[in-house]
> 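Take a look at this one; I'll ask things after.
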Amino acid sequence: MLAEKYASEIERILAKYPPEHKRSAVMPLLYLAQREYGHVTQEAMQEVADILGLDRTEVGALVGFYTLYYDEAEGKYRIQVCTDLPCALRGAEEFAEALCENLGIRLGETTPDGLITVEAVKCLAACDKAPMFQLQEPEGIHYHEEQTLESALKLVEELRRRESHG
Amino acid sequence: MAEHILLRHRDIPDIDQLDVYLAHGGFEALKSAVTGKSPQEVIDIVKASGLRGRGGAGFPTGVKWSFLSPGVFPRYVVANADESEPGTFKDREIMERNPYQFLEGVAICAYAAQAATAYIYCRGEFWDLAHELERHIEVLRQRGLLGENLFGTDFGLDIRVHLGAGAYICGEETALLSSLEGRLGQPRLRPPFPAAEGLYAKPTVVNNVETLTNLPPILARGADWYRSIGTERSSGPKIFCLSGHIERPGNYELPLGTTFRELIFEHGGGVRDGKALKAILPAGASAPILLASDEVLDTPMDYESLPKVGSVLGSASVIVVDETVDVAWLAYKIIDFFKHESCGKCTPCREGTYWLHSILRRIERGEGRAGDIDLLYSVARAIQGKTLCALGEFAAGEIASDVERFRGDFEARIVDGK
């Protein structure tokens with residue numbers, strides 16, 4: 001249970017907001033749940049709802065609305081390539097396709113080992129450093145800019161190594 | 001511009017270290033305000049500086065502050081760090097490289113607004129950056145530059161970082177506030193404006209990161225100095241984000257009123273690979289596209305000049321488009337963004353972006369039908385003026401401009417069915 005396992009972290013999160021508006025903590029708590037379970041499960045939604053005195057459906061609506069929350073398990077690591085207009089003008093679509101082809105998947109799919117999902121996402125505010133992607137992993141989100149197929153594949157190898165030694 | 005006023009790390013690389021920032025006059029502006037000026041005097045200086053909101057709307061900052069409901073407390077300041085406009089990447093550079101100037105700006109704003117709590121609403125993707133900001137805030141707290149009784153006065157301030165979770169719409173200030181309250185990030189009907197009923201229904205100032213970063217130099221050097229930069233009605237420096245088909249993409253801090261020609265050809269090194277310039281998107285996806293004529297290239301990039309050539313300055317994120325680009329494809333990319341980001345609250349935007357997307361997709365696939373161009377135009381016009389926030393307006397305005405200014409690209413696509 002999140003409430004027991006992360007009691008002090010939850011307390012720190014709640015302290016950011018006025019006690020009568022603790023609903024504000026729902027987004028950081030959803031990140032916490034996602035970190036713990038890999039995605040936001042129905043049970044996790046209930047846990048978050050219970051901490052804040054909300055209804056599970058209210059929490060579920062937020063999970064559906066915001067793109068960085070997932071209610072289904074996919075790759076442990078999500079390589080999210082920005083293919084919005086400015087990046088597309090600098091070869092991001094070709095980059096994403098080449099990466100997928102190399103991994104033997106289509107855009108939006110997960111590698112057979114369940115490790116890596118490659119997705120196209122909207123603007124990440126790094127247009128001058130295209131092609132770029134963010135790596136979303138359980139611990140957080142990190143940017144990888146000015147990428148080539150080679151640098152991206154190197155990262156993939158590193159992730160696989162990390163898992164096999166993990 | 002010889003000296004950077006906002007991107008000061010370009011001149012002083014270690015300015016993200018508090019001691020370096022302090023050695024270069026950091027927090028003197030806040031101190032002089034808190035110990036020597038009333039909140040109203042600070043508001044008056046900012047009004048006199050002519051500073052206008054750098055997030056895109058260009059509303060005069062001091063005027064926005066003066067709308068706070070008198071006598072109602074607590075009040076809040078919210079820094080809008082939800083930078084998500086395609087082509088915009090300036091706030092990120094400020095916060096990553098010159099964070100203390102931004103945080104000092106937040107504090108100055110909070111003093112003027114008499115707010116004891118400020119939130120920084122960072123887009124969720126700025127995960128690393130948000131955690132870095134929290135570390136900087138902790139440093140300020142330890143050094144007595146945040147917390148209770150600042151500079152021995154009764155003014156105190158706490159700054160807290162809140163992470164969004166992937167929603168362009170949260171850059172709209174009322175949607176941002178809803179999101180910060182733990183609700184769906186959807187815009188609210190205005191009035192009441194945030195200055196009257198904002199966060200938790202209390203008077204709230206929401207300002208963009210770049211706007212706030214202008215405050216320390218304005219307080220330190222005065223409104224007259226600030227007005228000496230830029231044009232009469234668009235004062236100060238602006239960070240222009242240059243992306244797309246350009247030799248040297250990046251952020252360029254230049255006076256408002258700099259021409260497109262100077263930005264693209266002098267600073268940006270011209271169009272990539274020696275291609276010809278076809279079009280310019282002056283404000284990311286959210287403003288009408290401009291045909292790269294001499295008249296447009298010689299237009300000063302400021303709040304009053306862009307409307308004269310049929311667009312707006314917005315967040316000044318300039319996307320350069322070369323001769324190889326088919327504007328029918330470009331329109332599809334842009335509507336794909338807006339369809340994805342429409343929050344769904346207002347029917348004309350939700351349905352309109354969906355239908356624009358569907359028509360543009362079939363044109364893009366070479367399955368366009370006779371009459372599609374007029375249909376696009378009519379759907380775009382049906383969105384305009386019928387939504388709570390500007391998202392639908394932006395989408396409709398951009399697509400309508402593509403059709404109006406590059407009709408031939410659409411016709412060729414439909415006839416050829418490439």
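Chain identifiers are assigned alphabetically (A, B, ...) following the order of the sequence lines, protein sequences preceding nucleic acid strands; residue numbering begins at 1 within each chain. Note that the structure is a prediction, hence the values are computed from the model and not measured. In what follows, every heavy atom counts, from backbone to side chain, and hydrogens, waters and symmetry copies are set aside.
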> Check this for me: does any side-chain nitrogen of one of D336(B) and K122(A) sit under 4.0 Å from a carboxylate oxygen of the other?
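Salt bridge present between D336(B) and K122(A).
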
> Is the backbone of I246(B) close enough, under 3.5 Å, to the side chain of R90(A) for a donor and an acceptor to pair up by distance?
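Yes; judged by distance alone, with no hydrogens or angles, the pair exists.
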
> Drop me the distance from S243(B)'s OG to K129(A)'s NZ, to the nearest 0.5 angstrom.
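If we round to the nearest 0.5 Å, S243(B):OG and K129(A):NZ are 12.0 Å apart.
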
> Establish, yes or no, whether a centroid distance under 6.0 Å links the rings of W127(B) and Y31(A).
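Close enough - the centres of the two rings lie under 6.0 Å apart.
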
> Nearest 0.5 Å please: distance from the OH atom of Y66(A) over to the CG atom of L163(B).
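One gets 12.0 Å once the value is rounded to the nearest 0.5 Å.
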
> Side chains of I319(B) and P86(A): does their closest heavy-atom pair fall under 4.5 Å?
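Yes, close enough: below the 4.5 Å cut-off.
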
> Where the side chain of H245(B) meets the backbone of L89(A), is there a donor-acceptor pair that is under 3.5 Å apart?
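Side chain of H245(B) to backbone of L89(A): a pair is present.
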
> Quick test of your reading of the model: are K333(B) and E93(A) salt-bridged, counting only N-O distances below 4.0 Å?
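Judged by the 4.0 Å cut-off on N to carboxylate O distance, K333(B) and E93(A) do form a salt bridge.
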
> Is chain A contacted by the side chain of I334(B), its backbone, both, or neither, given a heavy-atom distance below 4.5 Å?
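For I334(B), the side chain is the part near chain A, not the backbone.
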
> One pair to check against salt bridge (Lys or Arg N to Asp or Glu O under 4.0 Å): E145(A) and R92(B). What are the steps and the verdict?
CA-CA 14 Å; E145(A) 301 177 315; R92(B) 194 180 141 218; 2.7 Å; yes

> Given heavy-atom pairs under 4.5 angstrom as the criterion, report whether the side chain, backbone, both or neither of L281(B) touches chain A.
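Side chain only.
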
> Is there a donor-acceptor contact under 3.5 Å from the side chain of Y119(B) to the main chain of K16(A)?
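Looks like yes, one N/O pair under 3.5 Å.
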
